[in-house]
Amino acid sequence: ILRGSEARPHLKPYMASLQLDGQHVCGGFLIAEQWVLSAAHCTEETDGKLFQVLLGAHSLTEPEPHKRLYQVRAQFPHNGSNVHNNKDDLLLLQLEEKAELNSDVQVLPFQRENRDVAVDTVCEVAGWGTIDHSGKRPDKLQQLQLPVISRDVCNHRTRHDGTITENMMCTDSRRKDTCKGDSGGPLVCDGVAEGVVTAGSRVCGNYKKPAIYTRIAPYAEWIDSVMASADG
Ligand SMILES: NCc1cccc(Nc2n[nH]c3ncnc(Nc4cccc(O)c4)c23)c1
């Protein structure tokens, strides 16, 4: 998160840190007791290894009352996801066991009605991604409020040039923006997860490349079917 601020500790109890060998790789969020939603691109440099999921955290390193690292039983990238574009960039992670819910660990509802969030709506994004262009990583969860911009503006020739589908949405990226390591985190508008951070052009903080999110509503059936199919 570029030019955000430290989140109020444990006020986003749905936030997950997807980790490999104790290192934060991507964001994610709890959508059910045993399920975390994130971005498929997060598995690109993991050469088949399963993530570990940190829940209940504010600081990545300090001991905290309800902080706990969960093993992952299985990972389900959306079939349409691929390394060449941002399409269907969703990843479902089934935890080895149901997460213990408490004041610091809670499920976040996601939008099921497939209707665009109104332009100029101010939504919130959070993550442990890089906080400057040198790639400095924060220890504590960062947050940012960003306005939704229209798909037409986001698709302008000088912006994302027609690559933003109806299954994606954008927020303004002038100065304040998402960045490396924020992928997979939720875009929360009025308390509901509307989108999942995708890296897109990977550029951070450049107003010519608005931040891109995979809209969740179009994938509600996919999410329900994967959760129903896997035992539990
Ligand atoms: N703002 C969109 C967005 C959302 C999520 C992730 C991303 N970026 C990235 N995702 N993965 C990456 N691997 C390497 N570099 C990356 N961006 C980067 C890093 C340092 C300086 C800088 O200006 C940009 C990214 C970009």
Side-chain angles (χ1 to χ4, degrees), residues 1-5 7 12 15-21 23-29 36-47 49 51 60 75 77-78 81-91 93 117 122-139 141-151 153-156 158-165 167-189 193-216:
I1 302 278
L2 294 187
R3 292 196 181 87
S5 58
K12 297 173 189 312
M15 282 304 294
S17 166
L18 273 52
Q19 309 200 338
L20 283 179
D21 307 321
Q23 286 296 315
H24 171 83
V25 172
C26 270
F29 59 107
V36 167
L37 184 61
S38 184
H41 279 259
C42 292
T43 61
E44 269 167 18
E45 289 139 23
T46 60
D47 54 273
K49 280 186 281 184
F51 284 114
L60 290 175
Q75 292 177 174
H78 193 285
S81 60
N82 62 77
V83 295
H84 306 292
N85 59 44
N86 298 316
K87 286 201 175 78
D88 303 332
D89 189 16
L90 293 178
L91 173 71
L93 301 101
V117 175
V122 175
C123 301
E124 197 158 74
V125 67
W128 288 277
T130 53
I131 58 173
D132 65 22
H133 286 285
S134 73
K136 185 170 171 16
R137 292 177 294 175
D139 175 58
L141 184 66
Q142 304 293 303
Q143 69 173 12
L144 198 48
Q145 294 203 313
L146 293 167
V148 172
I149 65 171
S150 78
R151 188 170 292 106
V153 165
C154 201
N155 263 327
H156 191 272
T158 61
R159 303 305 198 264
H160 288 298
D161 194 14
T163 63
I164 307 302
T165 70
N167 289 348
M168 302 171 192
M169 64 187 288
C170 301
T171 58
D172 181 81
S173 54
R174 193 173 46 79
R175 296 161 57 80
K176 298 180 173 190
D177 194 8
T178 49
C179 200
K180 180 176 169 58
D182 291 322
S183 296
L187 180 69
V188 183
C189 314
E194 293 280 355
V196 175
V197 176
T198 186
S201 59
R202 292 188 155 191
V203 168
C204 307
N206 181 330
Y207 78 100
K208 293 250 177 179
K209 296 296 176 195
I212 308 171
Y213 308 81
T214 305
R215 292 183 57 242
I216 301 170

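In this text, all values refer to a predicted model and were calculated from it rather than measured experimentally. Below, all heavy atoms of this structure are taken into account, side chains as well, without hydrogens, waters or symmetry copies. In each ligand, atom 1 is the first atom listed, and ligand 1 is the first ligand listed. Residues: numbered from 1 along the sequence shown.
Counted within 6.0 Å of NZ on K176, heavy atoms from surrounding residues, nucleotides or ligands total 12 or fewer; the atom is thus considered open.
Where the criterion is an N or O separation shorter than 3.5 Å, residue side chain and backbone included, D177 meets it with respect to ligand 1. Distances between N or O atoms of T198 and those of ligand 1 include no value under 3.5 Å. Geometrically, ligand 1 and S183 share no nitrogen or oxygen pair separated by less than 3.5 Å.
Scanning all heavy atoms of the two residues, the minimum distance from D132 to K136 falls at OD1-N, 2.9 Å. In plain terms, the two heavy atoms of L90 and A40 that are nearest each other are O-CB, 3.4 Å. Considering every non-hydrogen atom in both S173 and Y207, the closest pair reads OG-CA, 3.5 Å.
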(request) Please assess T165 against N167 for the test side-chain hydrogen bond (donor to acceptor under 3.5 Å, both in side chains), listing each intermediate value before the final yes or no. (result) CA-CA 5 Å; T165 70; N167 289 348; 4.9 Å; no
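Side-chain contact check for V36 versus F29: every heavy-atom pair is 4.5 Å or farther apart. Counting heavy atoms from C-beta outward, L60 and D139 have side chains that approach closer than 4.5 Å.
The nearest heavy-atom contact from the protein to atom 10 (N) of ligand 1 is A199 CB, 3.6 Å. Atom 11 (N) of ligand 1 has as its closest protein heavy atom R202 NE, 3.6 Å. Shortest contact from atom 22 (C) of ligand 1 to any protein heavy atom: H133 ND1, 3.7 Å.
Considering V125, T198, L2, I1 as possible partners of D182, the one that fulfils the side-chain contact (heavy atoms from CB on, under 4.5 Å) test is I1. Of the residues listed (R159, R174, M169), the one engaging P210 in a side-chain contact (heavy atoms from CB on, under 4.5 Å) is R159, and it is the only one.
Neither the backbone nor the side chain of D182 has any atom closer than 4.0 Å to an atom of ligand 1 (non-hydrogen atoms only). Within the 4.0 Å heavy-atom criterion, neither part of T130 lies near ligand 1. Only the backbone of V203 comes within contact range of ligand 1, with a heavy atom under 4.0 Å; no side-chain atom does.
Within the set E45, E44, K180, H41, the minimum heavy-atom distance to atom 15 (N) of ligand 1 is found for K180. Counting only non-hydrogen atoms, the option in I1, N206, T178, V125 that gets closest to atom 1 (N) of ligand 1 is T178.
Contact annotation: S173 has no heavy atom less than 4.0 Å from any atom of ligand 1. At least one heavy atom of C179 sits closer than 4.0 Å to an atom of ligand 1.
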